[in-house]
Amino acid sequence: MIEVLNGSSNPEIPTEDVVRMMDTVLENNTISFNDGHFVQTEGTAIGFHLGMNYASTYLGAWEEELFKRSYRKPLVYFRFVDDVWGLWTHGEDALLDFHTKGNQINPRIKLELRYSTEQL
């Protein structure tokens, strides 16, 4: 995350301050469930405004790492937050290898692979 923020072309707020603010928000993310109140200690709540930005930024860096590790890449690749759609032209074995590489980057991120050799 810090690398992405440092890459900003016009950093009006210093990276350290942005990280401190994000940490404060993420560390004090509370939820209510069954008449109880809890602090969410992992991830962000669904619908949480910072959650989508955080996920998109993190997964952008995650994608860069995946493409660095992979000799073969999708012909077409689109991502919306954490959903990906693409076209693969290198055969099924290479696709399974690409999927395995993606699952090795972060143990908390597990990809589900759904594909067809017959239709889009």
Side-chain angles (χ1 to χ4, degrees):
M1 183 69 68
I2 292 172
E3 295 84 15
V4 172
L5 292 169
N6 282 337
S8 175
S9 61
N10 186 14
E12 294 180 24
I13 303 172
T15 297
E16 302 81 35
D17 292 345
V18 173
V19 170
R20 195 174 309 116
M21 288 185 281
M22 289 176 66
D23 285 345
T24 299
V25 171
L26 292 170
E27 291 168 3
N28 294 286
N29 192 15
T30 60
I31 57 173
S32 298
F33 178 74
N34 255 359
D35 296 324
H37 299 285
F38 307 90
V39 174
Q40 186 165 341
T41 59
E42 215 174 285
T44 64
I46 294 173
F48 185 56
H49 295 292
L50 183 59
M52 182 180 279
N53 294 331
Y54 192 79
S56 292
T57 302
Y58 179 82
L59 286 174
W62 177 91
E63 271 174 357
E64 286 182 25
E65 181 62 27
L66 174 59
F67 292 143
K68 277 188 221 170
R69 293 182 183 197
S70 303
Y71 173 71
R72 299 193 188 277
K73 297 168 181 50
L75 176 67
V76 176
Y77 182 94
F78 298 102
R79 178 177 56 84
F80 178 73
V81 187
D82 62 350
D83 293 318
V84 173
W85 184 89
L87 294 176
W88 189 263
T89 58
H90 307 295
E92 191 170 356
D93 288 341
L95 175 61
L96 295 173
D97 182 58
F98 185 77
H99 177 250
T100 298
K101 282 181 172 67
N103 276 329
Q104 293 171 340
I105 295 171
N106 183 325
R108 293 186 175 197
I109 295 178
K110 289 300 172 201
L111 306 178
E112 176 184 337
L113 178 63
R114 289 185 277 168
Y115 66 97
S116 173
T117 59
E118 300 175 12
Q119 63 184 0
L120 290 177

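If you read the sequence from its start, that first residue is 1, and numbering goes on from there. Because the structure is predicted, anything quoted here is derived from the model rather than measured.
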L120-V84 co-clustered via ILVMFWY side chain contacts under 4.5 Å: no

Considering only Ile, Leu, Val, Met, Phe, Trp and Tyr, and joining two whenever side-chain heavy atoms are under 4.5 Å apart, list the other residues clustered with V39. none

Are the side chains of W85 and P74 in touch, meaning some heavy atoms are under 4.5 Å apart? no

Does any pair with a residue in residues 105-120 pass salt bridge (charged side-chain N to carboxylate O under 4.0 Å, His left out), and if so which ones, sequence neighbours excluded? E42-R108, E112-R114

For S32, the side-chain contact (heavy atoms from CB on, under 4.5 Å) test, sequence neighbours excluded, returns H37

If I take atom CE from residue M22 and atom CD from residue E27, how far apart are they, to the nearest 0.5 angstrom? 11.5 Å

Listed partners of E65 passing salt bridge (charged side-chain N to carboxylate O under 4.0 Å, His left out), at least two apart: R69

Rounded to the nearest 0.5 Å, what's the gap from OG1 on T100 to CG on L113? Could you check? 9.0 Å

Sorted by chain and number, sequence neighbours left out, salt bridge (charged side-chain N to carboxylate O under 4.0 Å, His left out) with D17 holds for R20

Summary of ring-ring contact (aromatic ring centres under 6.0 Å, His included) pairs that have at least one residue in residues 98-120, sequence neighbours excluded: W88-F98

Can you name the residues that form a side-chain hydrogen bond (donor to acceptor under 3.5 Å, both in side chains) with R79, not counting sequence neighbours? E63

Dump the intermediate steps for side chain to side chain contact (heavy atoms under 4.5 Å, CB included) on I109 and L59, then the final yes or no. CA-CA 10 Å; I109 295 178; L59 286 174; 4.0 Å; yes

So, using side-chain contact (heavy atoms from CB on, under 4.5 Å) as the criterion, who are the partners of D35 when residues are at least two apart? none

What's the shortest heavy-atom distance between W62 and G102, and which atoms? CZ2-O, 3.3 Å

Under the ring pair (Phe, Tyr, Trp, His ring centres under 6.0 Å) test, which residues partner F38, sequence neighbours left out? none

Quick test of your reading: applying salt bridge (charged side-chain N to carboxylate O under 4.0 Å, His left out), list the pairs with at least one residue in residues 90-99, sequence neighbours left out, ordered by first then second residue. D97-K101

So does L95 get a backbone contact from the side chain of H90, meaning a donor-acceptor N/O pair under 3.5 Å? no

